[in-house]
There are 2 protein chains.
Amino acid sequence: MSGALKDAIRVERPAKTLRELALDKVREAIVNGYFRPGDRLVERDLCAQLGVSRTVVREVLRHLESEGLVANLPNKGPIVAQLDIEEAKQIYEIRGALEGMAARLCAERRSPEIVAALEESLAGIRNSYRDNDMSAVLTNTSAFYHTLFTMVDRNVAWGVVNLLTVRINHLRSMTIKTERRGIEGPLQMSKIVDAIRRGDGEGAYRAAMDHVAAASAIAEAVLSAKQPAD
Amino acid sequence: MSGALKDAIRVERPAKTLRELALDKVREAIVNGYFRPGDRLVERDLCAQLGVSRTVVREVLRHLESEGLVANLPNKGPIVAQLDIEEAKQIYEIRGALEGMAARLCAERRSPEIVAALEESLAGIRNSYRDNDMSAVLTNTSAFYHTLFTMVDRNVAWGVVNLLTVRINHLRSMTIKTERRGIEGPLQMSKIVDAIRRGDGEGAYRAAMDHVAAASAIAEAVLSAKQPAD
DNA sequence: AATCGTATTATGGCGTACCAGATACTGTAG
DNA sequence: CTACAGTATCTGGTACGCCATAATACGATT
């Protein structure tokens with residue numbers, strides 16, 4: 001009996017601890033704007049809202065702090081981290097470097113499976129745009145990059161990108177809604193796929209960089225238009 | 001009275017919470033090998049050793065978990081994370097991409113101050129090698145890259161690199177002791193500085209990549225020689 | 001003797017209560 | 001109306017207790 005079969009009969013437990021559930025809930029609440037940047041996160045309030053003890057809440061807050069989603073003011077307590085424009089640009093830049101690297105590796109591998117998987121995610125994005133389902137756009141975009149990284153076994157880099165991405169998630173949801181992004185975004189991504197298909201590592205690298213550069217530019221515009229009013 | 005003066009008389013508190021102190025202690029203990037990979041980290045034992053309460057210990061463990069230094073086995077508890085060779089290679093690769101990026105930016109800026117600061121760190125590294133002070137080599141190498149990133153205001157990327165670096169720290173201390181590394185390492189780094197001095201972005205990028213590639217190769221050799229015996 | 005079931009122990013997960021110190025708020029006295 | 005004192009609020013930190021689970025040891029039964 002080998003691998004696949006052994007897993008098939010495995011009895012899977014919920015396994016999720018209360019802490020992990022709470023963590024996901026709070027992270028969710030932050031990224032989709034239920035808690036706004038700058039909001040104070042009062043421990044005992046969170047206890048009540050989540051229905052868990054302070055022990056759990058504190059561990060969750062520490063975890064989110066190390067993810068960069070929560071900042072801790074000394075003697076004041078935790079607040080939802082503010083995203084300043086400079087930091088956002090840096091995050092986009094890093095994503096560009098890493099996604100470009102992954103794209104290059106994909107191109108160098110010249111595997112039809114990679115292309116097929118990417119095409120599928122891309123189709124999903126197009127459909128989601130057509131249906132105006134923005135949250136699905138985000139999910140499918142994530143899936144696209146997830147395959148880009150995992151197909152060449154770069155799970156660490158994927159982890160880094162993911163970590164950074166949650167910090168700019170509300171930016172992402174704004175850039176995505178921008179006019180013309182529904183056409184240009186998928187277009188840029190298809191350029192990545194094209195380069196990968198023809199084994200053009202340098203081209204794939206450039207295309208991936210271009211894509212996040214465009215996103216970064218939009219984000220900057222959105223953010224600098226909003227920041228002063230804040 | 002303006003800014004500078006106001007700060008001058010500011011009574012500075014330790015400001016570090018007990019939690020942060022404990023975090024540093026445990027991280028230290030893991031990084032420099034007091035706790036070995038695979039060791040169990042029993043909460044109540046740590047309480048005794050650190051002299052703090054379980055709450056604090058648990059928060060510290062959560063934090064280290066999200067840093068990747070500690071892994072949590074379900075129904076078993078936390079252990080010191082094992083570093084497998086594949087992961088180490090990926091970490092080196094990411095560092096290459098980011099440090100290359102930073103080096104290119106430094107070169108493009110063409111600032112004498114950057115060159116001076118880098119030269120200083122480099123001299124520190126050479127001296128430390130000469131004095132056979134390996135821990136100083138590590139510190140100075142960190143300083144070198146720290147200036148590389150912060151001189152062009154890339155503190156987020158620096159944070160990422162730092163985060164990843166602690167996970168391979170014991171590898172670093174092994175690669176550094178390798179024969180000839182005391183000559184080749186600084187040589188490669190001086191190539192980075194040279195390229196920056198003459199404003200050669202592409203050259204700086206390549207030199208930085210080469211440097212971590214060399215480190216990665218050594219690490220792989222060291223690790224694959226040790227892994228089976230483990 | 002081998003196996004099966006049970007008791008014990010170790011440990012993590014989680015909750016509660018409490019205290020100290022800092023900060024923000026509020027009401028009162030001058 | 002202002003200054004000051006008192007109070008409420010909140011985090012940081014500690015101690016302790018309970019429960020669930022996993023592993024181990026031990027004893028009984030076949």
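Remember, it's a predicted structure, so these values are computed and weren't measured experimentally. Every chain is numbered from 1 and lettered A, B, ... according to where its sequence line falls, protein lines coming before strand lines.
- Here the rule is side chain to side chain contact (heavy atoms under 4.5 Å, CB included) with B:L64, and of B:V166, B:L69, B:V80 only B:L69 fits it.
- In this structure, B:E43 atom CD and C:dG12 atom C1' are separated by 6 Å, rounded to whole Å.
- Of the side-chain N and O atoms in B:N75, one or more sit less than 4.0 angstrom from OP1 or OP2 of D:dA22.
- Nucleic acid contact for A:L61: none, since no nucleic acid atom lies under 4.0 Å from a heavy atom of the residue.
- Side-chain atoms of A:R58 never come within 3.5 Å of backbone atoms of A:V56 as a donor-acceptor pair (strictly under, hydrogens ignored).
- The aromatic rings of A:W158 and A:F149 are tilted relative to each other, their planes meeting at an angle between 30° and 60°.
- Defined by atom type and a distance below 3.5 Å, a donor-acceptor pair is missing between the side-chain atoms of B:D45 and B:Q49.
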### Test side chain to side chain contact (heavy atoms under 4.5 Å, CB included) applied to A:E220 and A:L223, step by step
CA-CA 5 Å; A:E220 186 174 359; A:L223 208 53; 5.9 Å; no

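- The separation between B:R40 atom CZ and C:dT11 atom P is 6 Å, rounded to whole Å.
- At the heavy-atom level, A:N72 lies under 4.0 Å from the strands shown only through sugar-phosphate atoms.
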### Message
Please evaluate residues B:S128 and B:N140 with respect to the criterion side chain to side chain donor-acceptor pair (under 3.5 Å), reporting the C-alpha separation (whole Å), side-chain torsions for both, the decisive distance (0.1 Å), and the verdict.
### Response
CA-CA 8 Å; B:S128 307; B:N140 281 312; 3.0 Å; yes

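- When the P atom of C:dT11 is taken as reference, atom CG of B:L41 falls 12 Å away, rounded to whole Å.
- One interatomic measurement links the two molecules: CD of B:E65 to P of C:dG12, which rounds to 13 Å at whole-angstrom precision.
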### Summary
Readout for nucleotides 13-18 of chain D: B = base within 4.0 Å of protein heavy atom, S = sugar-phosphate only, - = neither; 5' to 3' it is BB--B-

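- We find that CG of B:L46 is positioned 11 Å from P of C:dT11, with the value rounded to whole Å.
- Protein atom CG of B:L73 is 13 Å distant from nucleotide atom C1' of C:dT11, rounded to whole Å.
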